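Counting starts at 1 for both ligands and their atoms, in listed order. Not measured: the values here are computed from a predicted model.
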Amino acid sequence: MKKHFTVALAGNPNCGKTCIFNQLTGARQHVGNYSGVTVESKSGFFKFKDMEIELVDLPGVYSLSSSSPEEDVVFQELTKKGVDLILNVVDSTIPQRSLYLTTQLAELHIPMLLVFNMTDDAKKKGVRFDIPKLETYFGSHIVQTVGCKAGGVAPLLEELTRTLSLLDDHGVPMLFYGTDIDEAINSIAEKITRLQIEKFNHIPARFFAIKLLEHDSCVMRIPEFKTLHEEVEAQIRHLLSSHAIETETFMADRRYAMLSGACRDAISMTREYRREISDKIDMVMTNRYIGLPLFLLIIYFTFWFTFTCADPFTGYIEDAFGWLGNRIGSVWGEGTLPFMRSLVINGIIGGVGGVLVFLPNILFLFFAIAILEDSGYMSRAAFVMDGVMRRFGLQGRSFVPLILGFGCSVPAIMATRCIESERDRKTTILVLPLMSCGARLPIYALVIPAFFAQKYQAFVMFLIYLIGVVIALIAALIMKSTLFKGDGEVYLMELPPYRMPVLKSLLLHMWDRGKMYVQKAGTIILATSILLFIANTFPEKTEFSKDYDAKIEQLKADKSLSDAQIKILEDGKLLDAESLKTIRKEKILSREQLESLSKSELNDAPKMVMTASRELNDRASALENEKQAELMEYTISGRIGKFLEPVFRPIGFDWKLTTASIGALAAKEVFVSQLGILYSAGEADAESVPLRKQLVENYTPLQGFCIMLFCLLSIPCLATLAIIKRELNSWRMAAAEAGGLFGLAYLVTLIVYQIGSFLQVGTRLIG
Ligand SMILES: Nc1nc2c(ncn2[C@@H]2O[C@H](COP(=O)(O)OP(=O)(O)OP(=O)(O)O)[C@@H](O)[C@H]2O)c(=O)[nH]1
Ligand SMILES: [Mg+2]
């Protein structure tokens, strides 16, 4: 007996396929309350009663044709050999519409099990089903499920195994389209059978005949059917003359007629409940006047949440890494393996730790995005923004991917597959990297609190994101009016009912994303940090322009003397002749100074000596820095940075920022880790100074802003470029994208920095 089965999950978008898939296989594929969450087919395995079942989750589609990439995926997967059973998931709150796909799936003649999902909602809404009747109409068994609840798919599991064990007896009735159309179908089907195409012999010829008569592009493209095109056209012309209506439309009408008959007969509605609540919320959310301001407010709140609420946690992690660095520094003696010690303390803790510090921001961001996705607001946002998007040549549909781009560009670019218009899709993909992704967040989270007072922080963050969005829209407009000219297409936008986000699913989503971030820190960022640390350390300079060490030594000795004086003065012995003599001798205070001191001024003497001591200290650390700078400029990073500095100087970058922005090509977070490494070098023995403080000492707020601007607009990370290449199937496009974005980033930052410097805006600390 057969033990291994392949079962495909097919159904409309947003009917809960992925939820069921996750429940059955224990996987954690992405679920969201809007159409087009799943865009690729995903396989998972599970065992039940000694059956091994491979379950394939498919993107949601409304019909089995091929007008978008995801419909193509479904078509290819279902016509492939080896699918034993289709689990057709039906949203039972809107059965009639969901069952349209069923009529088409039935024509594949693959055994089918109907899964009426969302039965909880259907019950609330008052929909009642006469299951036995529906089973006869559709010739398949029906199971009722609640996909999003643990245990909600238990009946499905039972029925699934029962159906699989009886596969051979399964028969699906056909829908008939009327005498003349069926004649045409049969005539073409006969010819298809005669062609004897091996790869399709598991699917009835009738299915392909229907698809050909419908002019389905996917089937029309199959080379083996080319010889039939003439006959198909003739049949279509003939049918058009007798029905005065396109065959395609006529067949769709037949399906609707059958459906509405069956539904009228077997489904009853008692009241309209859930939709009512949704509609009431939508009267506000999608209102013509307040919809847009509300949307902006929600996005602003998202940033406030990501930023302000996560900040204390960021602080804790920062402290923990600071403590860890100091601890290792004190346990691991300077003498043993100094290179490794410095690699661990400065390279790894400074670099990887510097990035991990921002984990809370990432978690909060993805939590917020998951709320938008699960509540159903995402589609409303797309609806509200449709008008705005159209003004820039795009459509509301481009909007969900753009918002997802705030999380990560890679899945966001994949999500553009739900855009039917090829031109709109290309444009959306190309502007998507301008939506500031989560990987840029650590850069903002580092820079903003360093240079801007607390009350401005959320606003600056909002501003940065807004700049990205505005530039993306302008870029889209330019592309749509040059490269990808074409009229905006009209399409229907689905507004799913609002649902209360399930905390568990939000946390899982956040957890998965957090795990990815930590993994990234532990792999790619760790590797680049080590490489960068090496580049930041070698070659080591041994000959210096001055004898720094001796000078520093001298200053340190002076300082300890002056500290001794303070002690003496403080002990109240300041007037005794001996100490005066010491003070004079060491010239920490000059002789004149001391002798001219009046009685009361003598009381201030400790302060003066203290100032002198501090000055000595400052001079020592200035020399230390100078030495460090000389050392670093000699290294590989220093040389590359110095070489490129003239290019980056006009946008306010020194060589350190220059090397950081080169490192950021691997992953945006590397910008932070490289600064972490550069600014922690030479600090291993001192108490570590938080990176933010170092930034404030070295840069102006204007420079800080330019850092963010440049990182926002510049070349996206390699993963994004790779996915752009894959989705557009062109290396040239990906290369042009990288070049174009670099140029854009440079130009915009140049203008801001130059004008800012000229007007002296942000050249001093704000707040
Ligand atoms: N109330 C209720 N909600 C459900 C049920 N099953 C799924 N959902 C919710 O429906 C939404 C869509 O679920 P998904 O599993 O992403 O739907 P999908 O069919 O995979 O969607 P696409 O990938 O876009 O085709 C999510 O918000 C789920 O939480 C159910 O039985 N009852
Ligand atoms: Mg899905």
Side-chain angles (χ1 to χ4, degrees), residues 8-25 27-44 55-64 68-71 73-74 77 86-95 97-98 101 114-125 127 129 143-156 273-275 277-278 369-380 382 397 400-401 404 411 414-419 493-509:
L9 273 164
N12 286 175
N14 208 32
C15 64
K17 296 176 297 301
T18 307
C19 275
I20 293 175
F21 176 83
N22 288 346
Q23 294 271 5
L24 289 177
T25 60
R28 287 232 288 273
Q29 290 299 328
H30 189 169
V31 166
N33 186 16
Y34 58 94
S35 302
V37 180
T38 309
V39 289
E40 275 186 317
S41 67
K42 283 267 152 56
S43 283
L55 194 61
V56 186
D57 184 23
L58 295 173
V61 289
Y62 291 107
S63 71
L64 201 56
S68 72
E70 52 207 354
E71 286 185 350
V73 170
V74 176
E77 285 291 331
I86 297 176
L87 277 188
N88 177 201
V89 184
V90 169
D91 179 346
S92 42
T93 60
I94 35 171
R97 202 186 62 192
S98 307
L101 178 70
L114 289 178
V115 183
F116 275 43
N117 193 35
M118 312 237 179
T119 37
D120 52 340
D121 276 3
K123 203 181 269 169
K124 281 188 206 143
K125 201 173 152 183
V127 192
F129 304 97
V143 201
Q144 292 182 293
T145 56
V146 181
C148 58
K149 274 210 191 89
V153 297
L156 170 62
Y273 171 76
R274 192 158 196 96
R275 209 62 244 186
I277 300 180
S278 275
I369 292 183
I371 294 182
L372 294 184
E373 288 192 75
D374 283 4
S375 60
Y377 183 71
M378 210 58 133
S379 317
R380 272 73 187 187
R397 226 174 240 203
V400 175
L404 291 177
M414 303 270 294
T416 58
R417 292 190 182 181
C418 67
I419 302 171
M493 192 141 39
E494 183 104 20
L495 296 185
Y498 285 102
R499 289 206 174 90
M500 197 64 195
V502 187
L503 187 66
K504 190 179 154 205
S505 129
L506 297 181
L507 291 178
L508 275 181
H509 191 76

Review point. Any heavy atom of Gly152 sitting closer than 4.0 Å to ligand 1?
Key: no
**Study point:** Check: Ser505/Asp374 side-chain N/O donor and acceptor closer than 3.5 Å
**Key:** yes
**Study point:** Donor-acceptor pair between Thr18 and Gln29 side chains, under 3.5 angstrom
**Key:** no
Practice item. For atom 6 (N) of ligand 1, grab the closest protein heavy atom and report residue, atom and distance to one decimal in Å. Key: Asn117 ND2, 3.1 Å
Review point. Does Thr18 put an N, O or S atom under 2.8 Å from the Mg ion (ligand 2)?
Key: yes
**Study point:** Under 3.5 Å donor-acceptor, Glu71 side chain and Leu64 backbone
**Key:** no
Exercise for review: Would you mind running through ligand 1 and noting each atom that sits below 4.0 Å from a heavy atom of Pro13?
Suggested key: 25 (O)
Study note, to complete from the structure: If you scan protein heavy atoms around atom 31 (O) of ligand 1, the nearest is Gly147 N, 2.8 Å
Check your understanding: Looking only at protein heavy atoms, which one is nearest to atom 32 (N) of ligand 1, and how far off is it?
Key -> Asp120 OD1, 2.9 Å
Check your understanding: Any idea which part of Arg499 is under 4.0 Å from ligand 1, heavy-atom wise: side chain, backbone, both or neither?
Key -> side chain
Review point. Does an N or O anywhere in Gly32 fall below 3.5 Å from an N or O of ligand 1?
Key: yes
Study note, to complete from the structure: Out of Thr38, Val31, Asp121, the nearest non-hydrogen contact to atom 23 (O) of ligand 1 is supplied by Thr38
Point to revise | N or O contact, Val146 vs ligand 1, cut-off under 3.5 Å | key: no
Review point. Where's the contact between Thr18 and ligand 1, heavy-atom distance under 4.0 Å: side chain, backbone, both or neither?
Key: both
Exercise for review: Classify the angle between the aromatic ring planes of His509 and His30 as parallel (below 30°), tilted (30 to 60°) or perpendicular (above 60°).
Suggested key: tilted
Exercise for review: Quick one: closest heavy-atom pair of Ala382 and Val400, and the distance?
Suggested key: CB-CG2, 4.1 Å
Review point. Heavy atom under 4.0 Å from ligand 1: found in Pro496's side chain, backbone, both, or neither?
Key: neither
Practice item. From atom 17 (O) of ligand 1, work out which of Ser505, Gly16, Cys19 has a heavy atom at the shortest distance. Key: Gly16
Study note, to complete from the structure: protein heavy-atom neighbour closest to atom 27 (O) of ligand 1 works out as Asn33 CB, 3.4 Å
Review point. Relative to atom 29 (O) of ligand 1, which among Ala122, Pro497, Gly60, Cys148 owns the nearest non-hydrogen atom?
Key: Cys148
Check your understanding: Do the side chains of Asn33 and Met378 get nearer than 4.5 Å, heavy atoms only?
Key -> no
Exercise for review: Over all heavy atoms of both residues, which pair between Gly32 and Val37 is shortest? Give the atoms and the distance, please.
Suggested key: O-CG2, 3.6 Å
Exercise for review: Write down the atom of Val73, the atom of Pro59, and the distance for their closest heavy-atom approach.
Suggested key: CG1-CD, 4.0 Å
Study note, to complete from the structure: Note: Tyr34, heavy atoms under 4.0 Å from ligand 1, region reported as backbone
Check your understanding: Is it true that some N/O/S atom of Gln29, main chain or side chain, lies under 2.8 Å from the Mg ion (ligand 2)?
Key -> no
Exercise for review: Select one of side chain, backbone, both or neither to describe which atoms of Asn14 lie under 4.0 Å from any atom of ligand 1, heavy atoms only.
Suggested key: both
Practice item. Establish, from distance only, whether the side-chain atoms of Asp91 and Asn14 form a donor-acceptor pair under 3.5 Å. Key: no
Exercise for review: Ignoring hydrogens, just give me the one of Gln29, Met118, Glu70, Gln23 whose non-hydrogen atom is nearest atom 8 (N) of ligand 1.
Suggested key: Met118
Practice item. State the CG-SG distance between Leu9 and Cys15, to the nearest 0.5 angstrom. Key: 8.5 Å
Check your understanding: Does the side chain of Arg499 come within less than 4.5 Å of Met118's, by heavy atoms?
Key -> yes
**Study point:** Nitrogen or oxygen of Asp57 less than 3.5 angstrom from that of ligand 1
**Key:** no
Revision key, fill the gap. Among non-hydrogen protein atoms, atom 19 (O) of ligand 1 lies closest to Lys17 NZ, 2.7 Å
Exercise for review: Would you please determine whether Gly36 falls within less than 4.0 Å of ligand 1 on a heavy-atom basis?
Suggested key: yes
Review point. If we only count heavy atoms from C-beta on, is the Glu70 to Val74 side-chain gap below 4.5 Å?
Key: no
Exercise for review: Taking the side chain as every heavy atom from C-beta outward, state whether Val61 and Leu101 have any pair of such atoms under 4.5 Å apart.
Suggested key: yes
